[in-house]
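Notes for the one structure printed next.
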2 protein chains.
Amino acid sequence: MPGFKKRFCGLRRHWLELYLLLLIAEKPSYGYELSTKLKDFGIIISGTGQMGNLYRILSQLEVKGFVKTDWDTQESGPARKIYIITDSGLLFLRDAMDSVIEMEKTTEKFIKRYKELNKKT
Amino acid sequence: MPGFKKRFCGLRRHWLELYLLLLIAEKPSYGYELSTKLKDFGIIISGTGQMGNLYRILSQLEVKGFVKTDWDTQESGPARKIYIITDSGLLFLRDAMDSVIEMEKTTEKFIKRYKELNKKT
DNA sequence: TATAATATATGTAAAATACATATATATGAC
DNA sequence: GTCATATATATGTATTTTACATATATTATA
């Protein structure tokens, strides 16, 4: 009755989770750094509001068990919460590749059909 | 103060709107038919609940002025509400192509980086 | 001693999603 | 004739997500 009712509802959230998991899988990292690395995938995090949402998504990845965390107090400045991928996270990422591949095919088809539409006009 | 505060919040909704606008631009159509044509873009509409959401998105496309409608009572069976693209809708579609092209690039990059990640492991 | 950059986190109104439900027409089965 | 099914459109609403404001703390530098 309680627990998780839904799988992938919102896509934006879904993609953001995948981008973050890939970045973390490549190299353990922390929220502030990840926010800049997201540029690789065309995501610009601007303003504290958006940062806040990013932190919330990260903490939920932890709740789901896809990442674990470790505080880094070595560097100067405020402590950093380092996110490290788990086996469960890697598995989730692997399974999610299907949807990424489908999205690539879909966008490709969409662009092709849009061009065809404009040829006729 | 009132009016539209946001642009593209949810991606899922955003994509669905674009798919529908392209399909309607290709050929005027109605909700029930569009629900089957969405398969072209990997979207499976199943159950009356999902159909209901589709109709709501269509009616909001009309509110935004991207489509206009016309009732078709010629065919047998229940009347069909035919959606026809407007100039405003075509303009919106054209402007949105940037985000489609970016999504294609992003997914391509994502797949490449995921493969590279697994090479090392 | 400000101010800016770095770093994490919560509060919440508004919007989107998932799914149930309501309604109506036509066709074929029995 | 009436029952089930396919066709067709639409609304109600609890839950979840989004957008953005706000809170808090550390270090560097001007």
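Source: prediction; values computed, not measured. Chain naming here is simple, since letters A, B, ... match the order of the sequence lines and numbering starts at 1 in each.
Within the structure, the side-chain hydrogen bond (donor to acceptor under 3.5 Å, both in side chains) test picks out the following pairs touching residues 18-37 of chain A (sequence neighbours left out): Glu26(A)-Arg113(B), Ser29(A)-Glu33(A), Tyr30(A)-Arg80(A).
Partners of Glu108(B) by side-chain contact (heavy atoms from CB on, under 4.5 Å), not counting sequence neighbours, listed by chain and number: Glu104(A). With sequence neighbours excluded, the residues forming a ring-ring contact (aromatic ring centres under 6.0 Å, His included) with Phe66(B) are Phe92(B), listed by chain and number. With sequence neighbours left out, Glu62(B) forms a side-chain contact (heavy atoms from CB on, under 4.5 Å) with Val67(B), Thr69(B), Lys81(B). In this structure, the side-chain contact (heavy atoms from CB on, under 4.5 Å) partners of Lys105(B), at least two apart in sequence or on a different chain, are Ile101(B).
Summarising the geometry, atom CD1 belonging to Ile45(B) is positioned 6.5 Å from atom CD1 belonging to Ile43(B); distances are rounded to the nearest 0.5 Å.
Look at CH2 on Trp15(A): it is 18 Å from C1' on dT18(D), rounded to the nearest Å. Taking atom CD1 of residue Ile57(A) and atom P of nucleotide dT16(D), one finds them 16 Å apart after rounding to whole Å. The interatomic distance linking Ile45(A) (CD1) with dA7(C) (P) rounds to 16 Å, in whole Å. As a whole-Å value, the separation of Ile44(A) CD1 from dC20(D) P is 15 Å. The separation between Leu58(B) atom CG and dT11(D) atom P is 12 Å, rounded to whole Å. If you measure from atom NE2 of His14(B) to atom C1' of dT17(C), you get 17 Å, rounded to the nearest angstrom.
When each of dA19(D), dC19(C), dA16(C) is scored by its nearest atom to the side-chain atoms of Arg56(A), the top-ranked nucleotide is dA19(D).
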Could you encode protein contacts along nucleotides 1-10 of chain D as a string, one character per nucleotide from 5' to 3', using B for base contact, S for sugar-phosphate-only contact and - for no contact, with a heavy-atom cut-off of under 4.0 Å?
------BSBB
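Arg13(A) has a side-chain polar atom (N or O) that falls below the 4.0 Å cut-off from OP1 or OP2 of dT18(D).
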